[in-house]
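All ligand and atom numbering here is 1-based and tracks the order in the structure.
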Amino acid sequence: MSEATNLTAMTAAELAEKIHNREVSSREVTQAHLDRIAEVDGDIHAFLHVGSEAALAAADAVDKALDAGEQPASPLAGVPLALKDNLVTTDAPTTAGSKMLDGYLSPYDATVTARLRAAGIPILGKTNMDEFAMGSSTENSAFGPTKNPQDTARTPGGSGGGTAAALAANEAPIGIGSDTGGSVRQPAALTDTVGVKPTYGQVSRYGLIACASSLDQVGPAARSVLDAALLHEVIAGHDPMDATSVDREVPGVVAAARQGANGDLKGVKVGVVAQLNGGEGFQPGVVESYRAALKQLEAQGAELVEVDCPRFADALNAYYLIMPCEVSSNLARFDGMRYGHRGGDDGRHSAAEVMAISRAEGFGPEVKRRIMLGTYALSVGYYDAYYLQAQRVRTLVAQDFARAYEKVDVLATPTTPTTAFKLGEKVEDPLEMYAFDLCTLPLNLAGQAGMSLPGDRASDTGLPVGLQLMAPAFADDRLYRVGAAFEAGRK
Ligand code: GLN
């Protein structure tokens, strides 16, 4: 292996150690990843924008500080990252995968962007995603889909397929996603990487282009549990600029990941959710991998406890009502007047017509579908029957979780019901696309934390399978302890 290949195959923790010991410069590491992007991204299409100059400038600043004898700005200083294109950046365009925002340059950095910069993390570029984070395959991106590096005929998942594919193709060692119903965890499962949805309110949403505000949460993605933990601690923490940000200490996720690395799970109770452990819609190879994962956790000392979460069966329906309702409200601002693409601006159309034409041209079909569904569900005659009813189900789902966590420390399920599907396979059938989120979205409804990490590949398709771990709000550290132990146990 050449040195450059070596650098792109390493974990962020390994790279950071080498950079901080001055065995290698951040510029060399960043350049190696930029070279890898140049080599493979024409095919994979993980990136919508690559910011070589800005990334190298950030790397140089880290090298200079280290050469001057300064302490690294963070444990990840100098390690480059892939940023989902719905987090705004002043030095690169932000499109959220939509024509509506094509060419948009933000006048400010998202809080997460600013924290990455302050931590000395060079941003390699902005990654592809389903338009405004609506979708499960990146096929709703206005700029073309991303391919799964594990099998390029297949989807890397979505909405954050770009970040996950960048990690799986060694184009970046760490990345950022956002998770409204599974968009960090689900792509992680499909690409054999690690993805985390932190507790709602733990990571700032300031400068995250809103999808569904009561569900959205920014999360770390990586190729190891420890790397995800290191990144989690960089981005998490209270932010007065986000009204939903919670002023509460971030659990020590790095310490938990280090503790878990010894592989010992004695005393840990893992809940097996009766409603999400196989059956209709689940691929046999996924269930087999999941059962093997449970066995392994047990062999490492964990106690398995079956838990009943009956309302999880309704979570999908509730999510796909609440989510479009919030979308219809959040996306109203993109009308070609206040924000976004303007069409029909030829002096022959009224303001109302310009807004209608702008939205017709700027939004893709899935976004339009959700805006219409949400607007309908919120209309006077249907509000009680749909939106309010869904909110009640949301409460019941949260109660299911609360009851389960009286008995167990974490819950474990497959992350997805099947392995990665073929590009094009589900585009004509939105309901099937929605159903793919079955296992990931319940915890978004309850504002809790979850992680997907690699399990055994499915014996029937040979493709990656993700194990999902879930934990109560502000107990994110449990995910890292159990996740790191599981990861260590697989080696
Ligand atoms: N696939 C889900 C949806 O389309 C989740 C998206 C997300 O988490 N951003 O709504």
Original post:
Can C211 be said to touch ligand 1, with heavy atoms closer than 4.0 Å?
Top reply: no
Original post:
Hey, which atoms in ligand 1 end up nearer than 4.0 Å to a heavy atom of S183?
Top reply: 5 (C), 6 (C), 7 (C), 8 (O), 9 (N)
Original post:
Do L81 and I176 have side-chain heavy atoms sitting under 4.5 Å apart?
Top reply: yes
Original post:
Which is closest to atom 4 (O) of ligand 1 in terms of heavy atoms, E366, M433, R370?
Top reply: R370
Original post:
Counting each atom of ligand 1 from 1 as listed, which ones have a heavy atom of S159 under 4.0 Å away?
Top reply: 9 (N)
**OP:** Heavy-atom distances under 4.0 Å are what count here, so tell me which part of A133 touches ligand 1: side chain, backbone, both or neither.
**Re:** both
Subject >> Min N/O separation M134 to ligand 1 under 3.5 Å >> reply: no
Subject >> Result of checking N86, D216, T163 against S178 for side chain to side chain donor-acceptor pair (under 3.5 Å) >> reply: N86
Original post:
Ignoring hydrogens and geometry, is there a side-chain-to-backbone donor-acceptor pair from T415 to Q468 under 3.5 Å?
Top reply: yes
Original post:
So, is G158 polar-close to ligand 1, with some N/O to N/O distance under 3.5 Å?
Top reply: no
Original post:
Would you say the side-chain atoms of D85 and T127 include a donor-acceptor pair closer than 3.5 Å?
Top reply: no
Subject >> Ligand-residue contact atoms, ligand 1 with S136, heavy atoms, under 4.0 Å >> reply: 1 (N)
**OP:** For atom 2 (C) of ligand 1, find the nearest protein heavy atom and state the residue, atom name and distance (0.1 Å precision).
**Re:** D437 OD2, 3.1 Å
**OP:** Before accepting this row, confirm whether a basic side-chain N of the pair R457/D192 lies closer than 4.0 Å to the acidic partner's carboxylate O.
**Re:** yes
Original post:
Less than 4.0 Å between a side-chain N and a carboxylate O, is that true for E171 and R36?
Top reply: no
Subject >> Where ligand 1 meets G181 - atom numbers and elements under 4.0 angstrom, heavy-atom basis >> reply: 5 (C), 7 (C), 8 (O)
Subject >> Note: K99-D102 ion pair, threshold 4.0 Å (strictly below) >> reply: no
Subject >> Salt bridge flag under 4.0 Å for residues D335 and R359 >> reply: no
Subject >> R394 and N444: side chain donor to acceptor below 3.5 Å >> reply: no
**OP:** Answer yes or no: does an N/O atom from K84 fall short of 3.5 Å to an N/O atom of ligand 1?
**Re:** no
**OP:** Could you check which of Y320, F436, Y319 puts a non-hydrogen atom nearest to atom 5 (C) of ligand 1?
**Re:** Y319
**OP:** Using distance alone, determine whether M323 and ligand 1 share an N or O pair under 3.5 Å.
**Re:** no
**OP:** Just jot down the ligand 1 atoms closer than 4.0 angstrom to any heavy atom of G135, in number order.
**Re:** 1 (N), 2 (C), 3 (C), 4 (O), 6 (C)
